[in-house]
Structures are given as C-alpha cells and as structure tokens.
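Just so we're on the same page: letters track the sequence lines, and every chain starts at 1. Every value quoted in this text rests on a predicted model; they were computed, and no experiment measured them.
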There are 2 protein chains.
Amino acid sequence: MDRRTPVDDRTGRRIVPETARRADRPPTRYGSRPTMKDVAARAGVGLKTVSRVVNGEPGVTPDTERRVQEAIEALGFRRNDSARVLRKGRTASIGLILEDLADPFYGPLSRAVEEVARAHGALLINGSSAEDPEREQELALALCARRVDGLVVIPAGDDHRYLEPEIKAGVATVFVDRPAGHIDADVVLSDNFGGARDGVAHLIAHGHRRIGFIGDMPRIHTAAERLRGYRAAMEDAGIPVEDSWMSLGATDPERVRRAAEAMLSGPAPVTAVFSANNRVTVTVIRVLAEQPRRIALVGFDDIELADLLQPGVTVVAQDAAALGRTAAERLFRRLDGALVAPERIELPTRLITRGSGELPPAG
Amino acid sequence: MDRRTPVDDRTGRRIVPETARRADRPPTRYGSRPTMKDVAARAGVGLKTVSRVVNGEPGVTPDTERRVQEAIEALGFRRNDSARVLRKGRTASIGLILEDLADPFYGPLSRAVEEVARAHGALLINGSSAEDPEREQELALALCARRVDGLVVIPAGDDHRYLEPEIKAGVATVFVDRPAGHIDADVVLSDNFGGARDGVAHLIAHGHRRIGFIGDMPRIHTAAERLRGYRAAMEDAGIPVEDSWMSLGATDPERVRRAAEAMLSGPAPVTAVFSANNRVTVTVIRVLAEQPRRIALVGFDDIELADLLQPGVTVVAQDAAALGRTAAERLFRRLDGALVAPERIELPTRLITRGSGELPPAG
DNA sequence: TAGAGCCTGGACAACGTTGTCAGGCGCGCG
DNA sequence: CGCGCGCCTGACAACGTTGTCCAGGCTCTA
C-alpha cells in the first residue's frame with residue numbers, strides 16, 4: 001500500500017483532500033434555484049410561455065422558443081417536479097417494499113420492477129421491511145404520503161387493512177411473492193406448493209423415504225405452502241411423516257445447522273433433505289459436506305455456482321425477475337384504468353437437476 | 001400441480017379471480033383525497049390547527065387535538081408530502097444510481113445506503129444505469145428535478161460536469177466505487193490498486209511467475225486500477241509481463257472463457273490467473289474446472305459459496321456495505337452543513353485465502 | 001376591578017408549476 | 001377597406017401545505 005498518505009488507524013481508511021476548487025468557477029450562492037419566473041424575466045416573456053417550452057407544448061414561435069432555451073441554459077434551470085406533481089396529481093413514481101435489498105433473490109426482482117417502471121417513464125422508490133410488519137406499514141404509508149402512483153409490496157405482515165384507504169384513493173397496489181392479508185388486491189405468486197411437492201416427489205422417485213424438511217418461520221406464507229407441498233408429496237407416496245423430520249424457524253445459519261444435524265443423527269436418520277429457501281440451502285450444503293455419507297438434497301430457489309459444487313445442487317427454481325415484471329406490468333395496467341377485479345396470478349417453478357437430488361439413499 | 005384451475009398455455013400462469021369485494025364497504029369515489037381543509041371543516045377548526053396536530057406542534061388544547069384526530073381518522077386523511085416539499089424545500093429523500101440492482105455486489109451496498117437514509121428519516125429512490133453514461137445522466141437529472149436532497153452515484157460515465165449546477169444548487173453528491181470525472185466531489189473507493197497488487201503478490205509468493213490477468217473494460221476506473229496493481233506486483237518481483245497474459249474487455253461469459261482458454265494453451269501457458277471482478281471469477285472457475293492441471297486462482301470480490309468449491313476460492317474482498325455506508329454518511333454530514341472541501345476516501349481490501357490461491361505452479 | 005401577558009386559534013400569503021381564458025396582432029376574404 | 005378568424009402570448013387562479021402574524025379570551029396580579 002502507498003504509505004505516503006495519512007491512514008486512519010482505526011478504520012484503515014486513507015484520506016486525501018481533493019484538489020482545490022477551480023478558480024474560474026463563478027461565485028454562485030448555494031441552495032438557490034432559478035424558477036420559471038426567473039427564466040421568463042430573463043427571456044422577456046411570460047411565465048406560461050416558459051412552461052410551454054419546457055413541456056414541449058405547441059403554440060410557441062421558433063424565435064421565442066430559442067430565447068427561452070437560451071435563458072434556461074444560462075440560468076441552469078431545472079423544472080421543480082414537486083410543484084408539478086402538486087398541480088397534476090400524478091408523480092410518475094412507484095414504490096417497492098421488499099424484505100431485504102441485499103438478498104440475492106430480490107435483486108433480479110427489483111431490477112425487473114425498475115425496468116417496467118422505466119418503460120412507463122416512472123421512477124422507483126424502494127425500501128426494506130426487514131421482515132418487520134410495523135416497518136412495512138410505516139414504509140408503505142410514507143410512500144403513499146409521497147403520493148406514489150402505485151405500490152409493489154412483498155408483505156412482511158399478514159394484515160393489510162391499513163392500505164384500504166390508500167387503494168380506494170387510487171394507489172394501484174400489487175402484492176408479490178406472498179398474498180395480502182384481509183384485503184382484496186392483486187397478488188403475484190410462485191407455485192410454492194406445487195414446486196415443493198415436485199421437488200420432494202423427485203427425491204421419492206430416487207428411492208428416498210426418510211426425507212427431512214427445513215424451512216422458514218411458518219407464519220410466512222411461502223414457508224407454509226412449501227411445507228404443505230412436502231406433506232402432499234409424502235402422502236401421495238404413502239409415506240407417513242415423522243415430526244422429527246420437519247423443522248421450521250428462523251433461517252440464520254446456527255439454527256439451520258442444528259436442525260440439519262439433528263435430522264442426520266439418531267437411530268434412523270434421514271437420507272435426503274428438502275431445504276425450503278436459498279438461505280437455508282446454503283447452510284445445509286455446508287452441513288452435508290461434513291457428513292460421512294452422501295445425503296441427497298433438493299433446494300427451493302436457485303443459487304449461483306450451484307452447478308460447480310460437488311455434487312451440483314438440484315433445485316426448484318422460481319423466476320424472480322418474472323415475478324417482479326408481472327407485478328409491475330399489472331400495476332401499470334391498473335393505472336391505465338384497464339383492470340377492475342383483483343386477481344391472483346401464479347407462476348410455475350422449474351426443477352433443475354444437477355446431481356444432489358439424484359443421489360440414492362445412503363446405507 | 002392443481003389441474004382444476006385454468007392455466008394460460010403460453011406462460012404457464014394460473015389465474016384465479018379473487019373473491020368479490022365485501023358488501024359492507026362504503027361506496028367511496030376513487031381518486032379523491034381529503035385535504036387538511038376537509039379535516040378542518042369536519043372538526044370545526046381552522047386549517048392551521050390541523051397542520052399543528054398533524055405535525056405535532058405545540059399550542060393545541062387536548063380537546064381540540066382529539067376532535068382533529070377523530071376527523072383525520074374518519075376521513076382517512078394522509079398529508080400530501082408533495083405540497084409539504086414544495087413549501088419546505090427539503091424532500092427527505094436521496095437518490096442512488098448504480099449499475100445493476102441485480103448484481104450481487106450492489107445488493108449490500110444499496111442496503112447499507114438505505115439503512116443510513118432511514119436513520120436520517122429519508123427515503124431512497126434508486127435506478128440502474130446499465131453501465132450507460134447517457135442513462136446515468138438522464139437518471140441523475142430526473143432525480144434532481146424531484147429535488148432529492150442528495151445523490152449517491154456509482155458512475156457509468158467519466159464526465160460529470162452536467163452535475164455542477166445541481167451541486168451548486170445544494171444537492172449533496174457523493175460518488176462511490178469509481179471517481180467522478182471533471183468535477184470536484186466526494187469520492188469513496190476501495191483500494192483497487194493495492195488489493196490487486198496484494199492478490200497477485202500472493203500468487204507470486206506461492207511460486208508463480210506466469211500469471212494471467214482477466215479484467216473488465218479498461219475505460220472503467222476499477223478495471224484500470226486493478227490492472228495497474230497487477231503490473232506493479234509483477235514489476236516488484238522483477239517478472240516481465242507478456243501481452244498474451246493480459247485480457248481486458250466485456251465480462252460476458254463467452255469472452256472471458258475465450259480469454260482464459262487462450263492463456264492456458266500454447267507452449268508456455270500461465271500457471272495462475274488473477275480475475276479482476278466477481279463476474280469474471282465465476283466464469284474462470286468454470287474454465288479452470290475443465291483443465292487437466294490445477295491452475296491457481298485469486299479473484300477480486302468475494303463470492304457466495306466460494307468456500308465450498310474444490311478448492312475454495314481465494315479472493316481479494318471489498319466491503320460493499322462499508323462503501324455504501326461511508327458514502328451515505330458523508331452525504332448526510334454534508335447535508336447537515338458540516339463539510340466543505342470534497343474528499344477522496346479509500347477503504348482497504350482484505351485477502352481471504354481458501355485454497356485456490358495457494359496451489360503451487362503445475363508442471 | 002382593570003390592565004398586562006400568555007395561550008389558543010385562524011386568516012392570509014407563499015412555495016413553483018399548470019390549466020383556463022382572454023387579449024392582441026396579422027392576415028385573408030367579402 | 002373593414003370585419004372576422006386563427007395563432008401567439010400572458011394574466012390569473014389553483015394545487016395542499018406551512019410560516020407569519022394578529023385577534024380574542026383567559027388568567028394572574030396590582
């Protein structure tokens with residue numbers, strides 16, 4: 001490292017002052033902004049004429065338009081959209097509330113929502129609820145106070161009656177990944193039940209009967225649905241499920257590790273595990289790698305590099321981008337006034353076999 | 001899958017109408033919103049008194065406050081922040097422009113920015129530039145028109161003079177991950193040069209002399225700095241670098257694969273590779289897995305599951321969350337009026353050894 | 001009991017933009 | 001030559017909120 005510049009001991013940061021401000025910079029007062037009135041005065045025209053030019057409205061002589069453009073350029077004018085919003089009623093922005101921006105599952109989802117918003121000329125405001133219903137509500141209402149045109153919500157809570165006045169007032173609202181609670185609204189979901197059932201059936205088809213299930217907290221809809229899928233697959237195959245094979249709770253590595261190790265020990269350990277989301281899967285992979293026997297694994301949600309592990313990880317993949325895209329498109333169609341009755345849309349999942357789900361039961 | 005509900009053949013979506021709206025719902029006109037005036041009328045008080053209650057200002061009798069609260073409740077009133085912003089000048093929101101929300105590197109970064117914003121009572125508006133300078137500018141100016149209080153920018157372009165009027169007008173602006181072009185502004189960077197140099201020196205220390213470098217397009221600052229670090233390490237060790245060992249360009253899998261395969265073939269192939277970002281690393285791992293000999297690898301940026309591969313992937317990790325946090329904190333300190341001169345802050349990187357970087361040169 | 005001071009409440013303007021409407025000018029037609 | 005029509009242009013109000021300022025009523029004290 002370059003040792004000539006001072007380094008903050010505690011943080012290790014290196015701090016270098018930037019070059020001094022260039023001398024030719026005009027002495028402008030900070031914090032002031034030219035308005036259309038200023039532009040009008042400078043161009044020697046009326047206020048409304050400036051508005052016409054800025055918005056590309058017809059009815060302005062080329063000569064006048066040029067004068068106005070010059071004044072705008074000279075003053076560095078930029079229209080104040082807050083005032084515009086106040087006047088027009090629409091903000092051309094939508095809100096997205098998800099659980100955690102840093103979770104790799106939500107990256108593609110929010111990117112997809114953003115793309116659709118961009119195509120409709122809208123900006124995206126987003127916030128993370130951190131799986132806290134109160135924070136979800138706080139965020140949603142703050143966005144409504146900003147008068148976003150619409151809201152895409154990945155619910156943390158299970159009661160969304162607080163949004164009723166907003167929806168009535170015209171905020172187009174679509175729920176994604178999990179259904180809304182106690183209100184009628186558009187919902188876009190993955191086929192959590194079917195996906196989990198297919199994944200577990202896949203393990204059964206490869207000879208497993210003692211299959212473990214490790215999932216998220218049961219109050220979360222997706223977790224409950226995936227458990228239901230597991231139970232359905234086992235029942236379809238006529239396999240009675242033992243309580244010790246199922247573990248639901250927080251997805252932190254410590255708990256998941258304990259749960260997995262419990263299922264894998266004792267007199268009749270499981271020979272396969274179904275892990276019900278990406279965070280759980282990552283920890284389960286670590287635990288299985290330490291086992292003397294090869295344990296089969298199918299995970300819900302795809303994972304980067306899953307194909308490079310030994311063995312490759314078989315997963316039930318959901319299409320996060322499609323979830324986001326579908327929800328956002330529906331939101332804008334509603335804004336265009338096309339839709340009336342709320343609908344529930346379910347997207348299919350896809351089983352991707354890579355090896356871990358095809359392992360035979362270990363003696 | 002449940003076969004009783006209709007399925008759209010093309011998309012595989014299942015569509016179910018939600019239950020009919022509840023009958024007890026009052027017939028409200030959509031799109032209308034009560035204002036403070038309405039609340040005042042209903043409560044039988046003046047407009048300003050409502051404002052006082054809504055903002056928790058003193059000088060209102062408990063009895064009056066109760067009456068106002070009841071009216072707010074009854075009408076479902078929610079303050080219109082657009083009008084508030086217009087009046088007050090501050091929006092309590094900041095903008096974040098990054099390259100791609102879906103890139104796992106930017107998830108923790110934007111999450112960190114959001115956390116800091118939240119602590120300051122501000123919302124986060126964000127957009128992706130898709131590495132397109134024009135789109136970056138378009139987004140930045142749109143956010144300025146919304147009168148965001150500040151801007152965190154991961155630059156796609158290399159000329160940011162277009163932001164000068166905005167910064168002068170008081171938009172607190174901080175650049176992250178890459179420096180700003182042609183303007184003085186706060187910058188928060190990782191030590192790309194030092195990190196790359198350390199990573200390459202690590203390979204040299206394990207006996208390698210023929211070391212390849214695969215990086216991003218050289219116009220991107222981080223890519224250039226990491227290449228500089230590679231060259232410095234090689235020079236420090238007195239190893240002359242051959243042109244065929246270096247490859248810079250787009251990070252799509254096809255190009256990276258061709259580049260890696262080229263370095264690994266021929267009469268004197270490289271025995272180790274330094275991959276200069278997360279996307280490159282993922283592809284290089286795939287290519288190396290197909291090679292008959294064990295090739296050493298050090299990558300810039302950490303990768304999930306890197307520890308579970310065979311061998312584990314040695315990386316130079318940067319702290320994305322710290323980048324975002326530092327930038328956002330600086331932005332808010334500037335908003336508080338504490339800062340004057342722009343600074344350049346550099347965060348250290350960390351070498352994490354997991355096996356792939358410690359392999360000896362293969363015969 | 002009267003005056004001073006405090007506390008509560010409300011009228012009014014202003015924030016910067018856009019929609020409405022009317023005025024002025026030039027040109028074509030009768 | 002005069003009238004009417006159409007095209008530009010600008011004055012004005014309104015969007016919903018907050019800051020300023022003043023009025024009225026109350027209490028407390030001399």
Side-chain angles (χ1 to χ4, degrees), chain A residues 31-69 71-72 75-93 142 144-149 166 169-170, chain B residues 31-69 71-72 75-93 142 144-149 166 169-170:
Chain A
S32 76
R33 281 268 189 187
T35 71
M36 284 191 179
K37 206 166 135 187
D38 302 324
V39 175
R42 174 160 186 137
V45 302
L47 180 55
K48 180 64 205 196
T49 301
V50 178
S51 173
R52 286 204 183 87
V53 172
V54 169
N55 293 295
E57 289 170 24
V60 181
T61 341
D63 182 59
T64 310
E65 173 161 0
R66 191 185 42 74
R67 289 214 317 284
V68 172
Q69 286 291 9
I72 289 176
L75 295 174
F77 167 79
R78 182 118 28 231
R79 181 180 62 197
N80 184 331
D81 275 356
S82 296
R84 175 168 224 253
V85 159
L86 177 59
R87 194 60 235 259
K88 305 205 71 149
R90 283 255 172 130
T91 56
S93 55
C144 290
R146 297 288 167 110
R147 296 295 188 267
V148 291
D149 297 335
E166 311 302 327
Chain B
S32 77
R33 281 267 189 189
T35 71
M36 284 192 180
K37 207 165 134 189
D38 302 325
V39 175
R42 176 161 184 134
V45 302
L47 181 54
K48 180 66 203 193
T49 302
V50 177
S51 174
R52 287 204 184 88
V53 172
V54 169
N55 294 296
E57 288 170 26
V60 181
T61 344
D63 181 59
T64 309
E65 172 162 1
R66 191 185 42 74
R67 287 215 318 282
V68 172
Q69 286 292 9
I72 288 176
L75 295 174
F77 166 81
R78 181 118 29 230
R79 181 179 63 196
N80 184 332
D81 275 356
S82 296
R84 173 168 225 254
V85 159
L86 178 59
R87 192 61 233 261
K88 305 205 73 149
R90 284 257 174 128
T91 57
S93 56
C144 289
R146 297 288 167 110
R147 296 292 188 269
V148 291
D149 297 335
E166 311 301 327

Quiz item: Out of curiosity, A:E166 CD to A:C144 SG, how far, rounded to the nearest 0.5 Å?
Solution: 4.0 Å
Exercise. Using heavy atoms to find the nearest nucleotide of DNA chain D for B:E57 and B:L86 separately, return the residue whose nucleotide is more 5′.
Key: B:L86
Quiz item: Atom CZ of A:R33 to atom P of C:dT17: distance rounded to whole Å?
Solution: 10 Å
Quiz item: Hey, does the side chain of B:T49 come within less than 4.0 Å of C:dG10's phosphate (OP1/OP2), counting only N and O?
Solution: yes
Self-check item: Within residues 37-47 of chain A: residues closer than 4.0 Å to DNA chain C (heavy atoms)
Solution: A:L47
Quiz item: Which heavy atom in A:S82 sits nearest to a heavy atom in B:V85, and how many Å separate them?
Solution: OG-CG1, 3.1 Å
Exercise. Kindly say whether, by distance alone, the side chain of B:R147 makes a donor-acceptor pair under 3.5 Å with the base of C:dG16?
Key: no
Practice problem: Nearest 0.5 Å please: distance from the CZ atom of B:R79 over to the CD1 atom of B:I72. | Solution: 10.5 Å
Quiz item: Quick one: does B:R90's side chain get under 4.5 Å of B:R84's, heavy atoms only?
Solution: no
Quiz item: Do A:D38 and A:T35 touch side chain to side chain, with heavy atoms closer than 4.5 Å?
Solution: yes
Quiz item: Are B:R67 and B:D63 within salt-bridge range, i.e. N to O under 4.0 Å?
Solution: yes
Exercise. Using only side-chain N and O atoms of B:N80, determine if any of them is under 4.0 Å from OP1 or OP2 of D:dC15.
Key: no
Quiz item: Looking only at atom types and distance, does a side-chain atom of B:N55 sit under 3.5 Å from a main-chain N or O of B:R52, one as donor and one as acceptor?
Solution: no
Quiz item: For the helix from C:dT1-D:dA30 to C:dG30-D:dC1, what is the angle between the axes at its two ends, each from 5 pairs, rounded to 10°?
Solution: 60°
Quiz item: Is the backbone N or O of B:T91 less than 3.5 Å from a side-chain atom of B:D149, with the two atoms forming a donor-acceptor pair by type?
Solution: yes
Quiz item: Quick one: A:K88 NZ to C:dG19 C1', roughly how many Å, whole number?
Solution: 9 Å
Quiz item: Between A:V68 and A:A43, what is the shortest heavy-atom contact and its length?
Solution: CA-CB, 4.0 Å
Quiz prompt | Phosphate contact (C:dT18 OP1 or OP2) by A:R79 side-chain N/O below 4.0 Å | solution = yes
Quiz item: Among residues 59-69 of chain B, which contact DNA chain D at a heavy-atom distance under 4.0 Å?
Solution: none
Self-check item: Pair B:N80-A:R146, side-chain donor/acceptor within less than 3.5 Å
Solution: no
Practice problem: Decide yes or no for A:R147 and B:D81: does some side-chain heavy atom of the first lie under 4.5 Å from some side-chain heavy atom of the second? | Solution: no
Quiz item: In whole Å, what is the span from the CZ atom of B:R78 to the P atom of D:dG16?
Solution: 16 Å
Exercise. Would you tell me if any nitrogen or oxygen in the side chain of B:R84 comes within less than 4.0 Å of OP1 or OP2 on D:dT18?
Key: yes
Quiz item: Quick one: does B:R52 reach the base of C:dG10 with a side-chain donor-acceptor pair under 3.5 Å?
Solution: yes
Quiz item: Whole Å only: how far is the CG atom of B:L75 from the P atom of D:dG16?
Solution: 14 Å
Exercise. Identify whether any heavy atom of B:N55 sits under 4.0 Å from a base atom; if not, whether one sits that close to sugar-phosphate; answer base, sugar-phosphate or nothing.
Key: sugar-phosphate
Quiz item: Does the side chain of B:K37 reach to within under 4.5 Å of the side chain of B:R42, using non-hydrogen atoms?
Solution: no
Quiz item: Rounded to whole angstroms, how far apart are CE on B:M36 and C1' on D:dC15?
Solution: 14 Å
Practice problem: Would you mind reading off the distance between A:D81 atom CG and C:dT17 atom C1', rounded to a whole angstrom? | Solution: 10 Å
Practice problem: Would you indicate what A:K48 reaches in the nucleic acid, counting non-hydrogen atoms under 4.0 angstrom: base, sugar-phosphate, or nothing? | Solution: base
Practice problem: May I ask you to verify if any side-chain N or O of B:S51 is less than 4.0 angstrom from the OP1 or OP2 atom of D:dT18? | Solution: yes
